[in-house]
There are 2 protein chains.
Amino acid sequence: MLTERQLYILKAIVDDYITNAEPVGSRTIAKREDMHFSPATIRNEMSDLEELGFLEKPHSSAGRIPSQKGYRYYVDHLLPPAELSNSDVHDIRSQMTARFHESEQLIQQSAKILSQLTSYTSIVLGPEVFESKLSQLQLIPVSGDQAVLIIVTDAGHVENQTVHFPDEISSSDVEKVVNILNERLRGVPMFQLQHKLSREVSDVLKQHVTKYETMMTALKDVLADHQQEKVYYGGKTNMLNQPEFHDVERVRSLLNIFEEDALVSKLIRSEDQGLTIKIGSENEFKPFDELTIVTATYMLDGKYAGTIGLLGPVRMEYPRVISLMDYFSKDMTRLLDRDRH
Amino acid sequence: MLTERQLYILKAIVDDYITNAEPVGSRTIAKREDMHFSPATIRNEMSDLEELGFLEKPHSSAGRIPSQKGYRYYVDHLLPPAELSNSDVHDIRSQMTARFHESEQLIQQSAKILSQLTSYTSIVLGPEVFESKLSQLQLIPVSGDQAVLIIVTDAGHVENQTVHFPDEISSSDVEKVVNILNERLRGVPMFQLQHKLSREVSDVLKQHVTKYETMMTALKDVLADHQQEKVYYGGKTNMLNQPEFHDVERVRSLLNIFEEDALVSKLIRSEDQGLTIKIGSENEFKPFDELTIVTATYMLDGKYAGTIGLLGPVRMEYPRVISLMDYFSKDMTRLLDRDRH
DNA sequence: GTTAGCACTCTGTCGTTACGAGTGCTAAAT
DNA sequence: ATTTAGCACTCGTAACGACAGAGTGCTAAC
């Protein structure tokens, strides 16, 4: 068990390192007004804290930096319960007043502000495609063998894709198909569409439509493509501000990951309500073992809608970030609800 | 006027610098099999070429590197008329065989291959939204005051946006509006939609529909948002491979520009047919004054459809790049045509 | 006109030194 | 039993000079 004084010193070191990004020496800590011990005493405590695994030394004659365990402890037990600063609240308010046409805009704007305010990178997973339901299908002919299939979900989200019909198909058949599909599939969750299509609807179609096979394969192809959710970014290059990213190799590996939405989504996703903080190698992916990822969720109609995430150096401004994430998580939920009704 | 020998030496220097990225000395050139002069002679010629502005020295005792004028001359007069190598052709073929559902996929794939093959960054401007015409409008209600407006162009491209109707509007009115819009606006070029809407269609609408004003402002808002073209990237982080980009500041300024599609599009766009090569400060934007941008266009139905661009260091593999760009420019035109008919 | 030879210039690297920040230990002070 | 002052020791870094290597430019010979 750590003594009161050890906690105090640990907190001071983490705080200092977070703002200065440089190993913290005993003298630096001793100079703080609220610290009434000599450097020597602090050195002894530091030595103990190191032995316990909360601190480490880059080299023998340098100051201490927090270890991963140190950050974890700081986050779990030492965090000052920060309120969002007035200027932050003001900044957010002034940029979030606009009414958004689409939830997409709201999300994009949130990602942007979050990254601007923190100088970290924000990642927001869009309202869950998996959770939303089909509202309407439309098949609009474009040219001879092409048509555009448009899928509208109950969340107002639109997906579209061009469909090729290798053989000529009569427009009355197309109309029939669309009608049947709409009748049978409305209200079906997106992720079940493909399944339902082949199981339940296929028989009906067979009876009403010639060229049934052609049509089915085309439709199935299209649906298969639309099972992934959207990922929005803010401040992709903000990482470059951090001293720990002055190495080009690291920059590349990180930026390359950002190009793979599916990976990022897997990484960020977390349906646990409330805040999640993953420090360094607590993240599953190697390239992130020097980063902290903070996630929170937002809701729609009382159900999980998506995740907001913030990616920064392990040496992250935790108190501020946490209050920001908390705020956004609630604010996005609120705004989505308001726009809906 | 340059002598035969000067041309020969200039070409040798540019070729060498392009592959090695290091100042070229007289001895290096003299060692080449096809060069039958001593280092001393070559030094004299180099000195002359420098005076003429084709070469420059990083410092007094270093080798020479091509100046911008040197590259320009190389590109204009010294380029070996390269054929695409067999392995390149093979690589492209094997990755472009798939039939593409949408022109969007074709474009994306092209951008990807182009960047893979060159290790540079490719940028492709999508088929010109401005040039395409409206094929069909759909307004699909989602909830009480919301509907999704879907715009399909004759190129099979789909744009969509959520529309809010502040006041309650009867569904029969909505239907009327959609019918009128489709009747009057089909075939109108996208960029004229807004204009035509307010000039010609507004009167007709006024007669048939109550709550006319509400509807009009909502529609105008939506159309205003969709006047920009799409930009596709390949190998955004490829630049980091180039030695001239080992400086983090430069990386950031470049990557940030990539986030601004409008800027990039302005930069790349070029409706001149054939290849365009802009070297260094021939580009209008400061952040690009150490880059070369090669552009070419592709066609659809015999008319300008879009631009493909390749962004690399001034020290670019010009012969290969040019033959690649040439190939892609023609191939994309060909494939787009094939998919269309 | 071409080339060999040589003095000169500049950069990059290596080893040395000096310095500063910081530690860990010991012994004295509280 | 704590706390602290003092001091030797350890590293990392910046500064300096020496030196090698690459390359030039000029002169004089071919």
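Treat the numbers as computed from the prediction; the structure is a model and nothing was measured. In what follows, chains carry the letters A, B, and so on, assigned in the order in which the sequence lines appear, proteins first and then strands, with residues in each chain numbered from 1. Only heavy atoms go into these numbers, but all of them, side chains included; no hydrogens, no water, no symmetry mates.
- Between D:dT24 and B:Ser26, a contact under 4.0 Å exists linking OP1 or OP2 to a side-chain N or O.
- Whole-Å rounding puts the A:Glu22 CD to D:dT13 P distance at 10 Å.
- Between the C1' atom of C:dT3 and the CZ atom of B:Arg43 lies a distance of 9 Å, rounded to the nearest Å.
- A donor-acceptor contact under 3.5 angstrom links the side chains of A:Thr237 and B:Asn256, judged on distance only.
- The side chain of A:Met46 has C:dT23 as its nearest neighbour among C:dT23, C:dG22, D:dT4.
- Backbone-only contact: B:Ser60 has heavy atoms under 4.0 Å from sugar-phosphate atoms and none from a base.
- Contact between the side-chain N/O atoms of B:Arg64 and the OP1/OP2 oxygens of D:dG25 is found at a separation under 4.0 Å.
- Taking atom CG of residue A:Asp48 and atom P of nucleotide D:dT2, one finds them 12 Å apart after rounding to whole Å.
- Counting to the nearest Å, the C1' atom of D:dT3 and the CG atom of A:Asn44 are 9 Å from each other.
- Side chains of B:Asp88 and B:Tyr327: a donor-acceptor N/O pair is absent below 3.5 angstrom, by distance only.
- Atom P of nucleotide D:dA22 and atom CD1 of B:Ile29 are separated by 16 Å, given to the nearest angstrom.
- If you check the side chains of B:Tyr233 and B:Ser115, you find no donor sitting under 3.5 Å from an acceptor.
- One finds no side-chain N or O of B:Arg27 lying less than 4.0 angstrom from the OP1 or OP2 phosphate oxygen of C:dT3.
- Looking at A:Ser61, its side chain comes within 3.5 Å of the base of D:dT10 through a donor and an acceptor atom.
- Straight-line distance from the CZ atom of A:Phe37 to the P atom of D:dT2: 13 Å, rounded to whole Å.
- Summarising the geometry, the separation between CG on A:Leu55 and C1' on C:dG22 is reported as 14 Å, rounded to the nearest angstrom.
- Side-chain atoms of A:Tyr120 and A:Asn241 form no donor-acceptor pair, as typed in the model, at a separation below 3.5 Å.
- Here the P atom of nucleotide C:dG22 and the CD atom of A:Glu50 are 15 Å apart, to the nearest Å.
- Within the structure, every side-chain polar atom (N or O) of B:Lys57 is placed at least 4.0 Å from both OP1 and OP2 of D:dA22.
- Across all strands shown, A:Ala40 has heavy atoms under 4.0 Å from base atoms, whether or not it also approaches the sugar-phosphate.
- The side-chain heavy atoms of B:Leu79 and B:Ile322, taken from C-beta on, include a pair separated by under 4.5 Å.
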